[in-house]
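Chain letters run A, B, ... following the sequence lines, proteins first, then strands; residues in each count from 1.
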2 protein chains.
Amino acid sequence: MKLEDIAKKAKVSRSTASRVINNDRYVSADARQRVLKVIEQEQFEPNPAARTLVTRRSNIIGVAIPQTANVFFGDNSYYPMLLQGIAEAVNKSDHAMLLWLAESHEVRDVFAKRVVRHRQPDGLILTSVVDRDPLFEYMVKHNRSFVMVETPPAYADRVSYVTIDNVGAAAEATRHLIQIGRKRIAHITGQLTIQDGIDRLKGFRQTVAEAGLLYEELIKPGMFAAEFGYRLMQELIPLRPDAVFCGGDTAAIGAIRAIHEAGLRVPDDIAVVGFDDLDVATKITPALTTIRHRVMDIGSTAARLLIDLLDGRLEHPHHFVMPTELVIRGSTGGQG
Amino acid sequence: MKLEDIAKKAKVSRSTASRVINNDRYVSADARQRVLKVIEQEQFEPNPAARTLVTRRSNIIGVAIPQTANVFFGDNSYYPMLLQGIAEAVNKSDHAMLLWLAESHEVRDVFAKRVVRHRQPDGLILTSVVDRDPLFEYMVKHNRSFVMVETPPAYADRVSYVTIDNVGAAAEATRHLIQIGRKRIAHITGQLTIQDGIDRLKGFRQTVAEAGLLYEELIKPGMFAAEFGYRLMQELIPLRPDAVFCGGDTAAIGAIRAIHEAGLRVPDDIAVVGFDDLDVATKITPALTTIRHRVMDIGSTAARLLIDLLDGRLEHPHHFVMPTELVIRGSTGGQG
DNA sequence: GCAACTTCTGGGAGCGCTCCCAGAGATAGA
DNA sequence: TCTATCTCTGGGAGCGCTCCCAGAAGTTGC
């Protein structure tokens with residue numbers, strides 16, 4: 001069943017039927033009624049390919065997650081939550097979501113090529129962009145529509161993105177540790193190829209420096225995964241820190257394990273602060289003090305932003321900075 | 001840049017250029033070379049909408065996850081792993097994946113309508129189908145191509161699916177508990193609206209019955225979420241079970257928490273077996289004895305199956321039963 | 001009364017591909 | 001040599017929509 005047939009059944013032209021579907025105002029109430037009735041009884045849905053061919057819009061949003069499996073998996077619910085947020089915004093505006101996942105250990109270059117080759121989506125949401133990311137570079141160079149989650153590693157003034165105030169949030173986390181009287185505060189960073197990691201380090205460093213508590217040897221460049229938290233904490237313990245701020249919750253969980261295995265207590269001997277407030281943060285003992293940001297909101301904001309840009313409702317580039325909140329729990333002496 | 005322009009630059013007709021792209025054998029080596037060169041230097045990609053319009057194939061696979069957020073999220077990595085598996089198969093055959101996520105607390109009916117309305121995908125992968133699932137019923141009734149992950153709740157002989165031997169695996173888990181000498185074995189089931197949960201219960205019941213150890217009061221209908229494991233274990237403890245088999249790992253984790261809070265020991269007082277071997281299974285203390293199935297393999301098998309059906313390489317319906325494996329850990333007295 | 005709008009309608013062209021068909025040219029078999 | 005077969009090519013139609021345009025019909029203002 002195609003538009004032509006609907007039109008015939010409703011005794012109007014193909015054009016009028018099309019007008020009804022696209023909510024054009026120049027249709028008589030009578031004709032509209034008849035067309036809608038036929039559409040309803042035939043359960044008609046216009047062919048999206050035909051539509052896309054002429055409108056040059058597929059109403060599909062691409063989401064590229066170039067991280068390897070071990071990050072996407074596991075106790076890290078960041079990406080699922082982001083996807084859920086994107087889904088909600090995408091549904092509301094009657095779009096669909098095309099998902100690109102990197103294969104395990106896939107090179108960024110190969111991944112980028114794969115995503116770029118498929119031209120179905122009108123625009124892309126990019127996550128976990130690293131410095132000199134081929135996909136990112138391609139999108140910028142070819143002037144294709146996209147929105148980033150997190151701060152871009154380059155061209156920040158030319159790119160639309162949704163981020164949180166990483167510098168401010170890291171500073172707040174660090175100030176909290178200072179306020180509870182810690183003097184030797186360590187930092188296990190997130191991935192320093194990602195802007196988030198860099199900014200959190202910056203907020204940390206500024207704050208300890210202002211308090212006269214900056215010790216470079218207590219700063220360990222890491223990754224977001226738990227293994228790094230564990231291993232780097234083991235390296236830190238001989239340096240006798242009394243607190244550690246981790247770039248991500250999973251790393252913090254690894255760190256806590258290392259502290260416990262060394263026979264030390266959290267928070268009494270070493271206070272721990274994470275970042276992200278993942279689900280696991282409340283599931284460990286003691287519960288983790290951390291920075292909460294609503295990942296779902298970031299996802300839906302990014303999707304809405306992209307669609308608004310595509311529809312011309314918003315000017316490119318456009319930035320959103322989402323709020324964060326310090327959640328104090330047992331790992332720094334709060335309750336829980 | 002469109003096919004016409006490529007043809008012109010390569011001094012061939014549109015038809016010949018199209019033949020090169022679609023790997024038709026009736027093209028002279030010379031012409032093929034010229035076309036490929038132009039395609040390469042212009043970075044040409046054929047317009048997918050135009051292609052879809054005539055071939056009636058979009059090379060897009062839809063994946064529908066009708067579960068509400070709290071299942072998709074959290075420490076349950078089932079769906080992310082499934083998606084990763086699907087992604088790998090989909091990439092290999094040059095397809096793309098369209099993802100439908102239910103909104104939080106969205107009614108199945110609304111979700112189904114949304115998925116059905118969008119006609120882009122050539123076929124669908126359905127997960128977590130419940131009894132009388134509107135999406136499932138629609139797909140069957142309208143004879144649309146789809147593949148199920150898990151055993152279908154109905155029409156099993158007319159539907160293609162990928163599953164594991166739930167009955168057999170549950171029996172193996174139960175036999176293990178019997179072998180280590182347990183006499184009062186409880187079962188906290190998975191969702192009994194999903195076939196997986198039903199089959200696991202069946203395997204459990206058969207096995208305890210054969211051993212003369214069936215106590216109906218020790219069977220608690222539950223859900224896969226941790227809260228259920230926790231709450232139902234609290235109800236079970238006064239009945240003095242010495243072992244519990246849970247329909248899923250997350251429920252098992254909840255159960256362990258309840259056991260510990262009651263001042264009992266795992267596995268000494270109550271041995272615990274889970275199902276799924278999620279990431280968390282090794283992260284808790286004691287580590288969880290559980291049934292392992294490679295969720296990623298299930299995902300990629302389902303995607304491959306769907307594509308093979310669409311391409312006519314496989315007859316519909318087609319079934320795959322994937323292997324499972326009992327992994328013995330600390331929660332039943334193994335090491336770890 | 002007529003001009004000038006506004007509302008409503010249908011036809012035609014065209015989006016960028018694939019695929020069918022007819023035909024040219026080369027090769028082989030008798 | 002002639003026919004049969006295979007290889008290669010280009011033109012045309014058509015996939016199912018949207019959108020432009022021309023024109024009919026109805027409404028308003030003088």
Side-chain angles (χ1 to χ4, degrees), chain A residues 1-39 42-60 94-96 117-122 310-312, chain B residues 1-39 42-60 94-96 117-122 310-312:
Chain A
M1 185 68 54
K2 52 183 195 166
L3 189 59
E4 187 92 47
D5 307 319
I6 298 294
K8 211 162 281 171
K9 282 212 172 199
K11 301 198 187 312
V12 295
S13 71
R14 209 185 48 233
S15 302
T16 299
S18 173
R19 282 188 194 99
V20 172
I21 287 174
N22 293 292
N23 256 314
D24 189 293
R25 50 190 295 251
Y26 292 123
V27 181
S28 65
D30 187 52
R32 168 163 283 129
Q33 198 98 29
R34 290 203 313 276
V35 173
L36 286 177
K37 199 179 142 198
V38 177
I39 287 177
E42 299 291 335
Q43 298 240 47
F44 173 73
E45 283 297 334
N47 182 315
R51 237 174 173 178
T52 300
L53 185 55
V54 31
T55 60
R56 287 141 198 293
R57 281 290 297 271
S58 64
N59 288 347
I60 295 178
D94 207 35
H95 283 234
R117 263 172 42 73
H118 283 78
R119 293 172 30 190
Q120 283 110 336
D122 297 326
L310 290 168
D311 289 347
Chain B
M1 184 70 51
K2 50 185 198 166
L3 190 58
E4 186 92 48
D5 307 319
I6 299 294
K8 210 162 282 171
K9 282 210 171 199
K11 301 201 188 309
V12 295
S13 70
R14 209 185 49 233
S15 304
T16 298
S18 173
R19 283 188 193 96
V20 172
I21 286 175
N22 294 293
N23 255 314
D24 190 294
R25 49 190 294 250
Y26 292 122
V27 181
S28 65
D30 188 51
R32 168 163 282 127
Q33 199 96 30
R34 290 202 315 275
V35 172
L36 285 177
K37 199 179 143 201
V38 177
I39 287 177
E42 299 290 336
Q43 297 241 45
F44 173 75
E45 283 297 335
N47 182 317
R51 239 177 170 176
T52 299
L53 184 56
V54 32
T55 60
R56 285 143 197 293
R57 282 289 299 271
S58 64
N59 288 348
I60 295 179
D94 206 35
H95 283 234
R117 262 171 48 69
H118 282 79
R119 294 172 30 192
Q120 282 109 337
D122 297 327
L310 290 169
D311 290 347

>> What contact category does B:Arg25 fall into here, base, sugar-phosphate, or nothing, at under 4.0 angstrom with non-hydrogen atoms?
In response: sugar-phosphate
> With a 4.0 Å cut-off on heavy atoms, is A:Ala31 in touch with a base, just the backbone sugar-phosphate, or nothing at all?
Replying inline: sugar-phosphate
>> If I compare all heavy atoms of B:Arg19 with all of B:Tyr26, which pair ends up nearest, and what's the gap?
In response: CD-O, 3.8 Å
>> Which is more 5' along DNA chain C, the nucleotide nearest A:Ala29 or the one nearest A:Ser15? Just name the residue.
In response: A:Ala29
>> Can you work out whether A:Leu53 or B:Arg34 has the more 5'-proximal nearest nucleotide on DNA chain D?
In response: B:Arg34
> First contact, last contact: which nucleotides of DNA chain C are these for chain B, 5' to 3', heavy-atom distance under 4.0 Å?
Replying inline: C:dG16 to C:dC20
>> Applying a 4.0 Å non-hydrogen cut-off, can you work out what A:Arg56 is touching in the nucleic acid: base, sugar-phosphate, or nothing?
In response: sugar-phosphate
> Between D:dC8 atom C1' and B:Arg19 atom CZ, what is the distance in whole Å?
Replying inline: 7 Å
> With A:Phe44, which of A:Val38, A:Leu3, A:Val35 fulfils side chain to side chain contact (heavy atoms under 4.5 Å, CB included)?
Replying inline: A:Leu3
>> Can you see whether A:Arg51 engages A:Asn22 through a side-chain donor-acceptor pair at a distance of less than 3.5 angstrom?
In response: yes
>> Please report the interatomic distance CD(B:Gln120) to CD(A:Gln120), rounded to the nearest 0.5 Å.
In response: 9.0 Å
> For the pair made of OH in B:Tyr26 and C1' in D:dT7, what is the distance, rounded to whole Å?
Replying inline: 7 Å
>> With rounding to the nearest 0.5 angstrom, report the CD to OG distance, B:Glu4 to B:Ser18.
In response: 11.5 Å
> So does B:Arg117 pair up with A:Glu45, basic N to acidic O under 4.0 Å?
Replying inline: yes
> Among residues 4-13 of chain B, which contact DNA chain D at a heavy-atom distance under 4.0 Å?
Replying inline: B:Val12, B:Ser13
>> Taking the axis from the first five pairs and the axis from the last five, what angle separates them in the helix from C:dG1-D:dC30 to C:dA30-D:dT1, rounded to 10 degrees?
In response: 40°
> If you measure from CD on B:Glu42 to NZ on B:Lys2, what distance do you get to the nearest 0.5 Å?
Replying inline: 14.5 Å
> Can you tell which of B:Thr52, B:Asp122, B:Leu310, B:Asp94 makes a side chain to side chain contact (heavy atoms under 4.5 Å, CB included) with B:Asn59?
Replying inline: B:Asp122
> What closest approach, in Å, do A:Ala17 and A:Ala7 show between heavy atoms, and which atom pair accounts for it?
Replying inline: CB-CB, 4.0 Å
>> Tell me whether B:Asp5 is salt-bridged to B:Lys9, with the criterion being a basic N under 4.0 Å from an acidic carboxylate O.
In response: no
> When rounded to the nearest 0.5 angstrom, what is the spacing between NZ in B:Lys37 and CD1 in B:Ile6?
Replying inline: 13.0 Å
